[in-house]
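Written out below as structure tokens is the structure these notes cover.
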Amino acid sequence: MKRAIIATVGTAAGLAALLQYKSDRPVQGSRVAVHPFSSGSPAGHSSAGASGSTAMTGHPPGGGAGDGTSQQFTGTDVVYKYGDIQLQATITGGKIAVISVSRESDRDAHSQSINSQAIPILTREALAAQGISFNVVSGATYTSDAFAQALQSALAKGGK
Amino acid sequence: MTSVVHAEAVMGTVVTLDLRSEAPGHHTEQAIGRVIDWLDWVDATFSTYRRDSEVNRLDRGELRLADSHRKVRDVLARCEELCVLTDGYFDSWATGHLDPSGFVKGWAIERASQMLTEAGVGCHAINGGGDVRVRGEPAAGEKWRVGITHPFRSDTFCAAVALRDGAVATSGLYERGLHVVDPRQRRPATDLAAATVIGPELAMADAYATTALAMGRRAPDWLADLSDHEALIIDPIGRWWETEGFKSYRVHAAPSHA
């Protein structure tokens, strides 16, 4: 069974995010934890679902949040049921400013319609997790698992 | 108010927990862990994708109902009630095989929300693949703002609602395509593109959203008669209809016509 965990810890004042991921598939090793945003992350707020495995931790280049610089990270291709996706995360001042789908390939027409619907929804939800938009999005998110992998991959590059 | 967000791939989707509290700590992590354990158990027991789940063993006649877990019997009894309540449109045998998924996800998340409340995290939102349960306030004096994904223009929302305690379930074609079967016609339901139901708790809101999609053109009359539930439905050419009370949840303008 594949399993993805994304944990974000944020405060009203600023944002500190922790993104964790583990998978039976050797995508980025069996389990990776990345701290793409370093500022003000309260200790001990990592996700509980991750217990029992060893975490690798990365730190953001250039000192992390609040410095106003913008950096772009592109993840590796993630193959899922309906094609491949590759995400690009732009991190400005320690926040995910833009997540864009930098590549998606499709196996058939059905996948095309699924991808064109699914990915923008999921992208927006990832941004929403930082309080940019809604608190919650109602409407199915079938390809979230692949999305989580692709996002993790993009952010992992920011953490190295 | 601090937010701890945890997303977990479970039950064939991603479940996101957003816990709000003044001082999150060990108890918050423990609560998340217990919720994930619960959802894993539900998945292992009720999944139609796992050959050895109790539901699949019941379907194949390898397990007698009397020998199944108490919660499995409870869920199947609730599904039977729903079948009666919905004039046969909510049918866990619609595909020819036992599939209570239309009830199980909402029911499992509802229980997860209770678990978080019992653990002292009374302010939270749980999103199970687009079906949402919220409690308390995301911040002092605020309501949870829930965006409802547009059924065919996925870069936009078709509506936005705000609430403190309650559930917002959306059933639609979306990514999963034609997954709701009209049990009467024994074919995929295609009259509606999406149905969103707001109610006091997620088990019923989720089941009613699925029911509305299966009902198609009959859905407005049926939804209008439900007590304690409000609904918005959209058909495949973009026409929409809402119950009178749905308006009171809206935070933005009405959805535009496609």
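Side chains included, hydrogens not; waters and symmetry mates left out as well; all remaining heavy atoms used. Residue numbers start from 1 in every chain, and the chains themselves are labelled A, B, ... in the order their sequence lines are given, proteins ahead of strands.
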Please classify the contact of [X] with chain A as side chain, backbone, both or neither, using a heavy-atom distance under 4.5 Å.
X	result
B:R34	neither
B:A169	backbone
B:V168	both
B:V134	side chain

task: Determine yes or no for a side-chain-to-main-chain donor-acceptor pair under 3.5 angstrom, with A:S138 supplying the side chain and B:D131 the backbone.
output: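 Pair absent, no side-chain N/O of A:S138 close to backbone of B:D131.
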